[in-house]
Amino acid sequence: MTFKNPLIPAFFYKFIHFCHIPAASPFRPKGSLYQPILDTFQTESIKWFFCFNLFNVDILGATQLTEHDNDQIVQRKKNLQEIQALGYLPYPASYKATETVTSVVKSHSEKSKEELESEKKEVKVAGRIRAIRKMGKAAFITYSDGGEQLQIYLRSNEVGEKSWQLFNLLDLGDLIGAKGILFRTKTGELSIHAEELDFLAKALTPPPDKYYGLHDKEMRYRQRYADLIANHDVREVFIKRAQIVRETRKFFDERGYIEVETPMLSPLATGAAARPFVTHHNALDITLYARIAPELYLKRLIVGGYERVYELNRNFRNEGLSIKHNPEFTMLEFYQAYSDYTELLEMTEELIHSLAVSTTGKEEIEYEEQVISFARPWTRFTMREAVIKYWPQEEKPTLEALIDIDQLRQLAELISIKFDPKSNAGQLLGLLFENLAEPHLIQPTFITEFPTELSPLSKQSLVDPRFTDRFELFVACMEIANGFSELNDPAEQRARFEQQMKLRERGDEEAMVIDEDYIRALSYGMPPTAGEGIGIDRVTMILTGQRSIRDVILFPHMRPEK
RNA sequence: GGGCCGUUAGCUCAGCAGGUAGAGCAUCUGGCUUUUAACCAGAGGGUCGCUGGUUCGAGCCCAGCACGGCUCACCA
């Protein structure tokens, strides 16, 4: 076997240099330290390759002390140095495990002590050390693959000199491999009776407290890796999130939808009411916006003849952060031709119900000390009905009052809700709804009949054009979904955009921008279509019992450190 | 952006009327061949977020700043 590489002379030079490192570091490698390792390789070429590898894995860097090192890091670097001296690679490239900790635990948890003894099953398994219990010449190591935990039992006289020496240099958090026979201890715990230990990687930074874990929220979000190592339930949340996303895709795939990807960077930030992130494309010398919604692109695809499309991806909104808002969040949007909003409403019920059952196993879940029932059918109110239902006074407004601008102003004043005097009737009704009804919508509730002024992309109701054929779903007082029959009349769409532009001119930064190409697309003829967006982060929050959106986003945005 | 709260050992947290800092885990030394938050004996470890002020003396009181959490407003 030959290893031909024109760079070998360079490696050679590095290697020579490497072997003559001045005594600058307190952990300067001894001159002949690597010779035994190199000697085990027969060919010169492999030797050089290996030499490069050793050099590249930063033996010096990893064990060099810095002024920031505390006593624990110093100790761990020393241990790594000694592990190398024993002949182990400090950061080997792979480990040929026969299975994972989780698979071993899952497949053997039911087996009795006697069964295991007769099977004498040999396994080779890798994991991270979570606990070490040493008793003189024997010891237990608990290690984990992130999922399950497994115990290794070692005896100094059985495991071999080299493995035992390695064991004495191991620290909590290190990654190791163990080979041995599965058995059950006196106390009945499934364990590997170790024949051999392997060293796979060093944890130079100690892991969080093995019992109390990592609580500091700032550190949990900034160093999610440490959070995931320490807190098993955090890991579970993101596994469930993946399950929710997977099943959502399956739900739409099974219904004849195709998944599409539309621009994340676009010359117009439109399709929703929000302030965008702004960036610049150098080659084209144009301003681009991170998308606030894919809506208008998806409907162009409906025009183009894909009758069912969905996109499950990120939206970006340059707005405040809160327990419910992250600057980037995951939105599912889907569009279905020849359907109206009532069909999507039913579908939403079906989708969320099935997600709830598959991720939690039940129709009823606990969230924020409330029991939320996803048993169908869910409550439905028009926006005005909801306002009336939750009106705080004995004397309630009439349906007609709730769409009349003068009466709405009086009503808002009556219950001292502050409003912008320039607000139109639809905006005022929306304001009353948010203030009075939203805080009560704990159980899944559909709100329908949205004012046209609040719905620039929705089709007007045939029975009353002041309202649109639109709904929103609320769960746990959060807006989860927003769906409507899509406005497909290009003339009416232009009028709505112009209405929005007027709001913009009056200083409403979040009002929508006109999209001429979208109107052109509509002019080719868009079939009657219903479309919807569902906030995946919020669905995940509810189904995993998390109060903060930061707990369902792996790397939530924070101010940079220092 | 406003209000409230927080920041102490590697991790989790105590600390008081203002008198130079404590515990558990982790680390180090010794003991222990089926333990499991292993145990027993001993040891080391701190710029008490930063900067200034008050004071004989500040982790503690005051001011400013930084970072974070919660909350209100805008938003999904």
Side-chain angles (χ1 to χ4, degrees), chain A residues 68-76 78-79 113 130-142 149-159 164 171-173 183-191 193 203-223 226-227 229-231 271-276 292-293 314-333 418 420 431 434-435 438 472-474 477-482 508-510 533-539 541 547-550 556 558-562:
Chain A
H68 306 296
D69 290 348
N70 59 47
D71 59 333
Q72 314 218 25
I73 293 179
V74 169
Q75 186 58 41
R76 282 159 185 264
K78 278 185 191 160
N79 288 347
K113 198 175 164 97
R130 304 189 73 98
I132 296 175
R133 296 176 291 281
K134 190 182 168 186
M135 280 145 298
K137 295 190 173 64
F140 291 93
I141 299 173
T142 302
Q149 293 195 359
L150 185 60
Q151 189 173 256
I152 304 166
Y153 177 56
L154 297 109
R155 293 169 120 161
S156 60
N157 59 336
E158 291 171 352
V159 81
W164 186 252
D171 293 294
L172 299 186
F183 78 111
R184 245 173 231 293
T185 61
K186 279 207 290 219
T187 51
E189 179 153 345
L190 182 67
S191 312
H193 200 131
L204 293 176
T205 301
D209 188 279
K210 66 180 173 186
Y211 186 65
Y212 291 100
L214 182 62
H215 284 195
D216 183 272
K217 285 195 182 179
E218 181 177 354
M219 210 196 289
R220 286 190 41 225
Y221 299 144
R222 287 195 196 280
Q223 300 185 36
D227 188 26
I229 289 170
N231 299 318
R275 276 181 293 172
I292 56 175
R314 228 68 64 78
N315 285 351
F316 307 86
R317 299 193 182 172
N318 203 344
E319 284 159 352
L321 291 82
S322 85
I323 200 169
K324 291 179 190 168
H325 300 88
N326 193 60
E328 53 184 300
F329 61 101
T330 300
M331 181 79 117
L332 162 72
E333 282 205 18
K418 283 184 198 151
D420 182 344
L431 190 68
E434 279 169 28
N435 279 280
E438 238 185 75
E472 283 191 357
L473 170 65
F474 290 85
C477 314
M478 283 192 290
E479 187 189 329
I480 297 298
N482 174 20
D508 184 350
E509 279 185 74
E510 285 165 3
I534 296 182
I536 295 297
D537 309 279
R538 290 183 175 179
V539 170
M541 283 166 71
R547 203 171 109 73
S548 169
I549 197 168
R550 290 197 183 101
M558 298 180 85
R559 197 167 268 127
E561 280 179 272
K562 286 169 193 172

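As the structure is a computational prediction, the values presented were derived from the model and not from experiment. The sequence lines fix the lettering, A, B, ..., with proteins before strands; numbering per chain opens at 1.
- The nucleotide B:rG57 finds no pairing partner, because no Watson-Crick or G-U wobble arrangement with both distances shorter than 3.5 Å includes it.
- Across all strands, A:Gly213 comes closer than 4.0 Å only to sugar-phosphate atoms, never to a base (heavy-atom distances).
- Residues passing the salt bridge (charged side-chain N to carboxylate O under 4.0 Å, His left out) test with A:Arg130, sequence neighbours excluded: none.
- Nearest nucleotide to the A:Thr185 side chain, out of B:rC70, B:rG10, B:rU35: B:rU35.
- In this model, the phosphate group of B:rU35 is approached by a side-chain N or O of A:Lys186 to a distance below 4.0 Å at OP1 or OP2.
- Checking the phosphate oxygens (OP1, OP2) of B:rG68, a side-chain nitrogen or oxygen of A:Arg222 falls inside 4.0 Å.
- Here the separation of B:rA23 from B:rG18, taken at their P atoms, is 23 Å to the nearest Å.
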For nucleotides 44-50 of chain B, tabulate all protein N/O to nucleotide N/O atom pairs closer than 3.5 Å, reporting atom names and distance.
unit_1 : atom_1 : unit_2  : atom_2 : d
B:rG44 : N2     : A:Asp71 : OD2    : 2.7

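- Nucleic acid contact for A:Glu189: base, since at least one base atom lies under 4.0 Å from a heavy atom of the residue.
- The C1' atoms of B:rG19 and B:rC48 are separated by 16 Å, rounded to the nearest whole Å.
- For the P atom pair drawn from B:rU20 and B:rA58, the interatomic distance equals 11 Å after rounding to whole Å.
- As judged by a 4.0 angstrom heavy-atom cut-off over every strand, A:Asp537 is placed among residues making no nucleic acid contact.
- Every residue meeting the side chain to side chain contact (heavy atoms under 4.5 Å, CB included) condition with A:Glu319, not counting sequence neighbours, appears here in chain and number order: A:Ala274, A:Arg275, A:Arg317, A:Glu510.
- Taking atom C1' in both B:rU71 and B:rA38, the straight-line distance is 45 Å, to the nearest Å.
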